[in-house]
Visitor: 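The structure is given below, and queries will be raised subsequently.
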Number of protein chains: 2
Amino acid sequence: MSGDITTSRDADQTRQNILEVALKEFSEYGLAGARVDRIAKGTRTTKGMIYYHFGDKDGLYKAVLEEIYPKLRNSEEKLDKSNLNPIEELEKIIDFTFDYHKNNENFVRMVMIENINNGKTLRNTDIDTVLSQNILMELNSILKRGQDLGVFKRSITPIDLHLLYTSFCFYRVSNHHTVSTVLGMNMLSSSNSTRHKNLVKNMIITYLSSPEQ
Amino acid sequence: MSGDITTSRDADQTRQNILEVALKEFSEYGLAGARVDRIAKGTRTTKGMIYYHFGDKDGLYKAVLEEIYPKLRNSEEKLDKSNLNPIEELEKIIDFTFDYHKNNENFVRMVMIENINNGKTLRNTDIDTVLSQNILMELNSILKRGQDLGVFKRSITPIDLHLLYTSFCFYRVSNHHTVSTVLGMNMLSSSNSTRHKNLVKNMIITYLSSPEQ
DNA sequence: TTTCATACTAACCAGGTAGTCAGTTAAGTT
DNA sequence: AACTTAACTGACTACCTGGTTAGTATGAAA
């Protein structure tokens, strides 16, 4: 029976099962709105196991939160950027960021929720599981190469560049409910998505390529 | 006694007092995390009055939410834009939006919370108290004048333009906790604020001014 | 096959939380 | 001054919710 997909007595599988259900619950209802009983009901195991494996509700929340950043970074690093010039590489990164936010509303919502929580949990997390060093180094290399080639004429920090495109990719997902109501549109319609994706890329590349002042 | 600032038996004053305290509570803890008892304690009145005036917790939340958009729109409309060319006028609007978000974290958090709530409450609100018609019409006029003068070379909808600058202004406040941790910086430091404000304006104006394709 | 730690269950509990309600007070109205 | 109604109070309650615990099953080691 040990090859069974729902083997009992497999702590890792149990933990993983709980984490999956908890991600859905937390991202749907927030930290305060999430219900441990509802999570327990959604799993193959019982409430006691949540407390056995994760200590308390906050511990479970922390475990869920700590999973989402490495997941993003792993996908990010899978991108193949060989033989690309700086503009193409930057476009590829923005494309990826745009799609990742669009396709992972759970991620976006968890980040929102953690900010409502004043970032308390993330601040108490091991810095390495969270810091975005790789992407910043890559942006730095892109900017440097672009400047050396003369195609980028602006001086900007990798962090600011990161903020410029991420803010748009994040906002259109995080705020799609209120924005769709307030501006009278459907933010996430496929036509809007297509146009928006081109718009950010275009705006950023145009900005970087245009002469200072 | 009727001129007294804390006159008892003034329903409007009581409602206002409750709303002020509730805004703080909801924006700090979210809808699910807010506590009616804690709100009641913070007011000059009692919990019964909250239910008397607002029906239930959701009714109070709705009343708080319905106040924040008109407040924003009122400030927006106070801007003096006489004798400005399209670029100056757009810069003034972006400046205002940037500052409003920076100075009203409560507003930003309420919008986040309502999105975590899937926009349910806002959707059931009278459309006129929420729709941003004026600002869109103004952006439309700016774009048209800019194109007629030949200083704006891009064709873009007012809504997309609005999204481009608002997303950045919103995100740097809404996500400052996690971003500061993940990127290892202090997002809201005054030096970052100054630079960011110039950055959005610059990027948007550069984009609009540069030739299509 | 006995031992033992880990994994697990189901019933339980204390405190918290939204919401209620019977009764009181203040401010007009006639 | 009696009457009426809106504004208000404080004590109460039913239920929800996070967390506990006593006890059980499993599988690997010896």
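Proteins come first, then strands; the chains are lettered A, B, ... in the order of their sequence lines, and each starts at number 1.
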Visitor: With the side chain of Tyr51(B) defined as its heavy atoms from C-beta on, choose the nearest nucleotide among dA18(C), dC8(D), dG19(D).
Guide: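 For the Tyr51(B) side chain, the nearest candidate turns out to be dA18(C).
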Visitor: Side chain of Asp56(A) only, heavy atoms from C-beta on: which candidate in dG19(C), dC8(C), dG19(D) is closest?
Guide: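 Out of dG19(C), dC8(C), dG19(D), the nucleotide with an atom closest to Asp56(A)'s side chain is dG19(D).
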Visitor: Within 45° of the six-membered ring axis of Tyr29(A) and under 6.0 Å from that ring's centre, is NZ or CZ of Arg38(A) located there?
Guide: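 Judged by the rule, Arg38(A) and Tyr29(A) form a cation-pi pair.
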Visitor: Send over the distance from Asp58(A) CG to dT17(D) P, rounded to a whole Å.
Guide: 16 Å
Visitor: Considering just the side-chain nitrogens and oxygens of Thr45(B), establish if one lies under 4.0 Å of OP1 or OP2 belonging to dA7(D).
Guide: no
Visitor: Can you find a side chain N or O atom of Thr14(A) that sits less than 4.0 Å from OP1 or OP2 on dC8(C)?
Guide: yes
Visitor: Within the structure shown, what part of the strands sits under 4.0 Å from Ala40(B) by heavy-atom distance: base, sugar-phosphate, or nothing?
Guide: nothing
Visitor: Whole Å only: how far is the CD1 atom of Ile50(B) from the P atom of dC8(D)?
Guide: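 Result: 12 Å.
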Visitor: Arg38(B) CZ to dG16(C) P: how many Å, rounded?
Guide: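 The answer, rounded to whole Å, is 12 Å.
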Visitor: May I ask you to check whether over 12 heavy atoms, not counting those of Lys92(B), lie within 6.0 Å of atom NZ?
Guide: yes
Visitor: In whole angstrom, give the distance that lies between atom OH of Tyr61(A) and atom C1' of dG18(D).
Guide: 17 Å
Visitor: CD of Glu25(A) versus P of dT17(D): gap in Å, rounded?
Guide: 10 Å
Visitor: Given dC8(C), dT17(C), dA7(D), identify the nucleotide with an atom nearest to the side chain of Asp37(B).
Guide: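 Given the options dC8(C), dT17(C), dA7(D), the side chain of Asp37(B) is closest to dT17(C).
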Visitor: Taking all non-hydrogen atoms of both residues into account, name the closest pair between Leu31(B) and Lys57(B) and its distance.
Guide: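 What the structure gives for the nearest pair is O-NZ, 2.9 Å.
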Visitor: Write down the distance between CD (Gln13(A)) and C1' (dT6(C)), rounded to a whole number of angstrom.
Guide: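 Atom CD in Gln13(A) sits about 16 Å away from atom C1' in dT6(C).
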Visitor: Nearest to the side chain of Ala11(B), which nucleotide is it out of dA7(C), dA7(D), dG19(C)?
Guide: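 Selected nucleotide: dA7(D).
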Visitor: Please determine if a side-chain N or O atom of Arg35(A) lies less than 4.0 Å away from the OP1 or OP2 oxygen of dC16(D).
Guide: no
Visitor: How long is the line joining CZ of Phe54(B) and P of dG19(C), in whole Å?
Guide: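 So the two atoms are 14 Å apart, to the nearest Å.
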Visitor: Between dA7(C), dG18(D), dA7(D), which nucleotide has the shortest distance from any of its atoms to the side chain of Met49(B)?
Guide: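 Nearest nucleotide to the side chain: dA7(D).
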Visitor: Separation of Lys47(A) atom NZ from dG19(D) atom C1', in whole Å?
Guide: 7 Å
Visitor: Considering heavy-atom distances to DNA chain D, does Val36(A) or Gly48(A) have its closest nucleotide positioned more toward the 5' end?
Guide: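 Checking each residue's closest nucleotide, the 5'-ward one belongs to Val36(A).
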Visitor: Does His53(B) have a side-chain nitrogen or oxygen under 4.0 Å from the phosphate oxygens OP1 or OP2 of dA6(D)?
Guide: no
Visitor: Does Lys62(B) NZ have over 12 foreign heavy atoms under 6.0 Å away?
Guide: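 Yes, the 6.0 Å shell around NZ holds more than 12 heavy atoms from other groups.
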Visitor: Should we say atom CG of Asn74(B) is surrounded by more than 12 heavy atoms from elsewhere, each under 6.0 Å from it?
Guide: yes
Visitor: Any side-chain N or O of Tyr52(A) under 4.0 Å from OP1/OP2 of dA7(C)?
Guide: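 Checking dA7(C) against Tyr52(A), a side-chain N or O does come within under 4.0 Å of OP1 or OP2.
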Visitor: With a non-hydrogen cut-off below 4.0 angstrom, is Ala32(B) in contact with a base, only sugar-phosphate, or nothing?
Guide: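 Answer is nothing: Ala32(B) stays at 4.0 Å or more from every strand.
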Visitor: Without swapping roles, check the side chain of Ser132(A) against the backbone of Ile135(A) for a donor-acceptor pair under 3.5 Å.
Guide: no
